[in-house]
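Here's the structure we're looking at; comments come further down.
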Amino acid sequence: MSTILVTGGTGTLGVPVVDRLRNAGHEVRALSRHAPDYPVDLLDGSGLDAAMAGAEVIVHCASNTRGGGKDDDTATRHLVDAARRAGTVTNLVYISIVGVDVVPLGYYRTKLKVERLLEASGLGLTILRTTQFHDLVAQLVDTAAKLPLVPVPMPGGVRVQPIAVGEVADRLAELAVPTPSGRVPDMGGPEIHTLPDLARTYLTATGRHRRVIPVPLAGKAYAGFKRGGHLTPSHAVGHLTFAQFAAGRGR
C-alpha cells in the first residue's frame, strides 16, 4: 500500500477522500494547519518536508476561493518544491473544475494557472476536472435566502450540472495510485438544470416555501456561464441527483 498525502484533508472533499483511502489500507497523511500529526501551512511551506517524507502520492484538494483563489498558486508552488525535494512522489492528483479554460472567472483562471504550473513541474500528474458540487449549489441558495427579500434572487439563464462530493471522492481514491494518468475524462453530475429551478427544489425540500426570481447579471464570467462552458453533458457520469441530495438535507 502507498503513503498518500491529502492536502485540504479536513475540507468538504478532503475528508471523504481520506476516509476512502484509509479504508483501502493506505497510510494517509491529512494535511492542514492544525493537524495533530502533520501540521502544514501551504502558504509558507512550513511542515511540508516532514509530511512529504516517503510519500508516493499526493491528492491536492486544498483550495481557497477567497480573492479569486490567488493563494492557490503560492500553495501549489510550495507543494511542488517539497515533492521535488522528497524525490519519492510519483503521482500528484489534482482536482480542478470543468470550464476553467473557457469561463473567465477569477477563481477559474487561478485553477487553470495551477494546472499549467503542475504540468510544467516535471512531476507525475493526474488532473480530474468536475462540475460543481451539490453542496456548492446548496450554499449559494442558502446565502441568497438570507437576504431580506421576499423572493429569493438567483442568476438567470445559468444552467448547472451538480455532482455529489462522495462520488468525486470515490474517483480521486481510484486515481491515487503510484502511476499517473495525465488529464483524465471530466466528471459531471447526472442532470443539468437552471439555478432558479435547483433553488426551488432545494428550498421546497428544506421546508422553505419561498418564491425564486431569476436575476440577470453582467460581466464576461456570467456570459461564460450562460454559454455553458462549465458543463460537460457528454460526461454525465454522476448518479445522485440534486433532488435526491436536497431531500436528504430536508430530513
Side-chain angles (χ1 to χ4, degrees), residues 2-19 21 27-101 103-130 132-133 135-136 139 165 168-169 171-173 175-176 180-184:
S2 303
T3 298
I4 302 174
L5 304 191
V6 179
T7 71
T10 58
T12 299
L13 177 60
V15 168
V17 169
V18 168
D19 288 345
L21 291 172
E27 178 190 344
V28 183
R29 300 170 186 173
L31 308 189
S32 73
R33 288 189 180 92
H34 306 293
D37 298 321
Y38 294 99
V40 167
D41 188 338
L42 289 174
L43 293 184
D44 63 15
S46 59
L48 266 175
D49 286 335
M52 196 72 67
E56 296 173 84
V57 179
I58 300 169
V59 183
H60 189 19
C61 298
S63 187
N64 185 356
T65 59
R66 297 173 186 171
K70 59 184 177 61
D71 291 338
D72 286 6
D73 181 18
T74 300
T76 302
R77 290 183 186 279
H78 286 142
L79 188 67
V80 166
D81 289 345
R84 286 171 173 161
R85 288 193 297 270
T88 56
V89 176
T90 59
N91 186 16
L92 195 158
V93 184
Y94 181 58
I95 178 70
S96 190
I97 306 171
V98 172
V100 292
D101 51 347
V103 177
L105 184 71
Y107 180 59
Y108 280 29
R109 284 172 170 161
T110 300
K111 296 289 281 188
L112 180 60
K113 185 177 181 180
V114 169
E115 284 188 13
R116 289 173 174 167
L117 186 160
L118 291 171
E119 288 167 349
S121 69
L123 298 173
L125 178 64
T126 301
I127 295 176
L128 171 65
R129 290 182 182 177
T130 75
Q132 291 75 24
F133 298 158
D135 306 70
L136 178 62
Q139 182 181 20
V165 167
V168 175
R171 181 63 173 139
L172 287 176
L175 295 170
S181 300
R183 169 86 184 276
V184 298

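Scope of the values below: all heavy atoms of this structure, side chains included, with no hydrogens, waters or symmetry mates.
- Summarising the geometry of Val6 relative to Cys61, their closest heavy-atom pair is CG1-SG, 4.3 Å, with the distance given to 0.1 Å.
- No side-chain heavy atom of Leu48 sits less than 4.5 Å from a side-chain heavy atom of Asp81.
- By the neighbour-count criterion of 12 heavy atoms within 6.0 Å, atom CD of Glu119 is densely surrounded, having more than that number from other residues, nucleotides or ligands.
- Residues Val184 and Arg171 have side chains in contact (heavy-atom distance under 4.5 Å, counting atoms from C-beta outward).
- The nearest pair of heavy atoms linking Gly11 to Pro16 is O-CD, 4.3 Å.
- For the atom pair NZ of Lys111 and CD1 of Ile127, the computed distance is 10.0 Å after rounding to the nearest 0.5 Å.
- Looking only at side-chain heavy atoms (C-beta outward), Arg116 and Asp101 stay at 4.5 Å or farther from each other.
- Minimum heavy-atom separation, Val18 to Gly9: CG2-O, 3.9 Å.
- The shortest side-chain heavy-atom distance between Met52 and Leu79 falls under the 4.5 Å cut-off.
- Between atom CG of residue Asn91 and atom CD1 of residue Ile4 there is a gap of 9.5 Å, rounded to the nearest 0.5 Å.
- If you check the side chains of Ser63 and Asp72, you find a donor sitting under 3.5 Å from an acceptor.
- Of all heavy-atom pairs spanning Ala83 and Val89, the tightest one is CB-CG2, 4.0 Å.
- In this structure, OG1 in Thr110 is found 9.0 Å from CG in Leu105, a value given to the nearest 0.5 Å.
- Nearest heavy atoms, Thr88 versus Gly54: OG1-C, 3.7 Å.
- No donor-acceptor pair closer than 3.5 Å links the side chain of Ser181 to the backbone N or O of Thr126.
- Residues Val98 and Gln132 form no side-chain contact, since every pair of their non-hydrogen atoms from C-beta on lies 4.5 Å or further apart.
- With respect to the salt-bridge test (charged N to carboxylate O, under 4.0 angstrom), the residues Arg29 and Asp37 do not qualify.
- For the pair Arg183 and Arg129, the minimum side-chain heavy-atom distance is below 4.5 Å.
- Between Asp73 and Arg77 there is a salt bridge, with a side-chain nitrogen of the basic residue lying less than 4.0 Å from a carboxylate oxygen of the acidic one.
- Of the inter-residue distances, the one linking Leu117 atom CG with Tyr94 atom OH reads 9.5 Å to the nearest 0.5 angstrom.
- Using a distance-only test at 3.5 Å, with no hydrogens or angles considered, no donor-acceptor pair links the side chain of Asp135 to the main chain of Leu13.
- Looking at every heavy atom in both residues, Leu5 comes nearest to Ala51 through CD2-O, 3.1 Å.
- Side-chain contact of Thr90 with Glu56: a donor-acceptor pair under 3.5 Å is absent, judged by distance alone.
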Stepwise side chain to side chain contact (heavy atoms under 4.5 Å, CB included) test for Val93 and Leu128 = CA-CA 8 Å; Val93 184; Leu128 171 65; 5.7 Å; no
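- Thr7 pairs with exactly one of Leu92, Val40, Ile95, Leu42 by the side chain to side chain contact (heavy atoms under 4.5 Å, CB included) rule, that one being Leu42.
- For the atom pair OG1 of Thr3 and CD1 of Ile58, the computed distance is 12.0 Å after rounding to the nearest 0.5 Å.
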